[in-house]
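The structure appears right after this line, and notes come after that.
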Amino acid sequence: MPALDKLIWQIETDLHKELTLMVLSDRCAISTHHMCRLFQLATGLSIMSYVRARRLSEAARTIAQCDADILTVALGAGYGSHEAFTRAFANYFNILPSIVRKARSTLSLDLMEPFKMKNDMFVKVQPPEMRSADAFLVVGLSTACSLENNGAIPALWQAFNTRENDIEEAVSGAAYGVCSVADEAGNCTYLAGVKALKKTAGMDHIEVPAQSYAVFTHSGHISDLPKTVYTIWNKALPDTDLKTARSPDFELYDRRFDPQTGRGTVEIWIPIIA
């Protein structure tokens, strides 16, 4: 089963039970960080935002179709009180649950339906090459990324390109896009930079630990990279039965990639448990 299908199945099966990112990652045999990235790539949402939206949507259907009191529905949706549920419901749908009860309809609501695999996102991806890398330092510029919004990354690369020459003792030959391990809320940091032998004042940095990797390649235009990454997480990695490690993953841009045209070869390094 593709990774996203497995994750959605787990969420839908236990939608009204206590769900945490740790529980879901254990059941799907994927690290929390990479599970969050996979879901964001596919949906544009964090996992827990999706869970809340699904619970509120199912609660809306129950309110419209059944005679259960709203407190009972609230408790079933994971809210501890009528007030907390009403506030969350109104914030999400911009309407009170009592009005939905009176209307006996959800036609005016933008309900969150279960996500399905986007088959048009699948592309051909070659099997990965297994590699090991010693610890190294990447220096550059970074931005905090909500897993619901990574639109700042292209602008980050543009800003980094204007300051690349400021980096002290840089190691030439490649640029790196490093994504740090996500927290429980699905927030991470993306750093655009180059390998360096020392830190540079006024620049950000990340220390990437020694690690084993499954290295995939993307060839073509950079705009199609999300499809390659989507395929890696949903099909290519599950097909290998490799388990990801809780460590930063990164994109490597070397001389095979032309930043002016956006075309060439990019390597995607996914940390794995050897």
Side-chain angles (χ1 to χ4, degrees), residues 3-4 33-34 36-45 117-129 131 133 136-167 170-180 182 186-196 200 203-206 208 213-237 244 248-271:
L4 183 61
H33 167 61
H34 296 110
C36 289
R37 291 202 67 204
L38 160 66
F39 196 82
Q40 183 275 330
L41 284 166
T43 69
L45 296 171
M117 185 68 64
K118 298 179 181 178
N119 291 324
D120 60 340
M121 286 287 287
F122 283 123
V123 295
K124 185 176 181 179
V125 173
Q126 296 297 322
E129 179 180 339
R131 300 188 206 170
F136 62 97
L137 175 72
V138 178
V139 177
L141 298 178
S142 65
T143 184
C145 290
S146 161
L147 288 173
E148 296 178 351
N149 181 14
N150 59 9
I153 291 177
L156 178 69
W157 276 106
Q158 292 179 4
F160 167 72
N161 290 337
T162 66
R163 295 197 58 192
E164 182 175 357
N165 292 334
D166 296 342
I167 298 175
V171 178
S172 63
Y176 295 80
V178 186
C179 188
S180 64
N187 301 306
C188 63
T189 299
Y190 183 92
L191 186 143
V194 296
K195 189 183 294 187
T200 298
M203 303 286 279
D204 301 318
H205 68 275
I206 186 169
V208 181
Y213 293 90
V215 182
F216 295 86
T217 58
H218 166 80
S219 297
H221 197 271
I222 193 65
S223 62
D224 290 325
L225 181 62
K227 290 186 177 182
T228 298
V229 176
Y230 184 89
T231 304
I232 288 171
W233 287 111
N234 273 296
K235 190 175 188 305
L237 265 178
T244 57
D249 59 90
F250 58 89
E251 305 143 12
L252 186 151
Y253 302 85
D254 59 19
R255 292 181 178 87
R256 295 170 294 172
F257 178 76
D258 184 349
Q260 299 300 317
T261 65
R263 294 187 175 277
T265 297
V266 178
E267 292 183 350
I268 300 100
W269 290 56
I270 308 296

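Values reported hereafter were calculated over all heavy atoms of this structure, with side chains retained and with hydrogens, waters and symmetry mates removed.
- Between Tyr176 and Phe136, the ring-plane angle classifies as tilted under the 30° and 60° cut-offs.
- Atom CG of Leu4 is separated from atom NZ of Lys235 by 14.5 Å, given to the nearest 0.5 angstrom.
- For Thr200, the side chain to side chain contact (heavy atoms under 4.5 Å, CB included) test picks out Val139, Ile167, Glu168, Met203, with sequence neighbours left out.
- Among residues two or more places apart in sequence or in another chain, the ring-ring contact (aromatic ring centres under 6.0 Å, His included) test is passed with Phe257 by Tyr253.
- To the nearest 0.5 Å, atom OG1 of residue Thr162 and atom CG of residue Leu141 are 7.5 Å apart.
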For Trp233 and Thr244: C-alpha separation, side-chain torsions, deciding distance, then whether side chain to side chain contact (heavy atoms under 4.5 Å, CB included) applies. CA-CA 10 Å; Trp233 287 111; Thr244 57; 3.6 Å; yes
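- Residues meeting the ring-ring contact (aromatic ring centres under 6.0 Å, His included) test with Phe39, sequence neighbours left out: Tyr50.
- Listed by chain and residue number, nothing satisfies the salt bridge (charged side-chain N to carboxylate O under 4.0 Å, His left out) test with Lys227 (two or more places apart in sequence, or in another chain).
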Report, one line per pair, each donor and acceptor closer than 3.5 Å where one atom sits in a side chain of residues 213-226; sequence neighbours left out.
| unit_1 | atom_1 | unit_2 | atom_2 | d |
| --- | --- | --- | --- | --- |
| His218 | ND1 | Thr228 | OG1 | 2.6 |
| His218 | NE2 | His221 | O | 2.9 |
| His221 | ND1 | Ser223 | N | 3.0 |
| His221 | ND1 | Ser223 | OG | 2.9 |
| His221 | NE2 | Thr261 | O | 3.3 |

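- Heavy-atom minimum distance, Gly177 versus Tyr190: CA-OH, 3.2 Å.
- Contact between Ile206 and Leu191 at its shortest, heavy atoms only, is N-CD1, 4.1 Å.
- Remark: the backbone N or O of Val123 is paired with a side-chain donor or acceptor of Thr231 at under 3.5 angstrom.
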Side chain to side chain contact (heavy atoms under 4.5 Å, CB included), that's the test. Do Val194 and Phe160 meet it? Break it down for me. CA-CA 10 Å; Val194 296; Phe160 167 72; 3.8 Å; yes
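- Take Glu267 and apply the salt bridge (charged side-chain N to carboxylate O under 4.0 Å, His left out) test, not counting sequence neighbours, and it matches Arg131, Arg256.
- Minimum heavy-atom separation, Leu156 to Thr143: CD2-CG2, 3.8 Å.
- Summarising the geometry, atom CZ belonging to Phe250 is positioned 9.5 Å from atom CD1 belonging to Ile270; distances are rounded to the nearest 0.5 Å.
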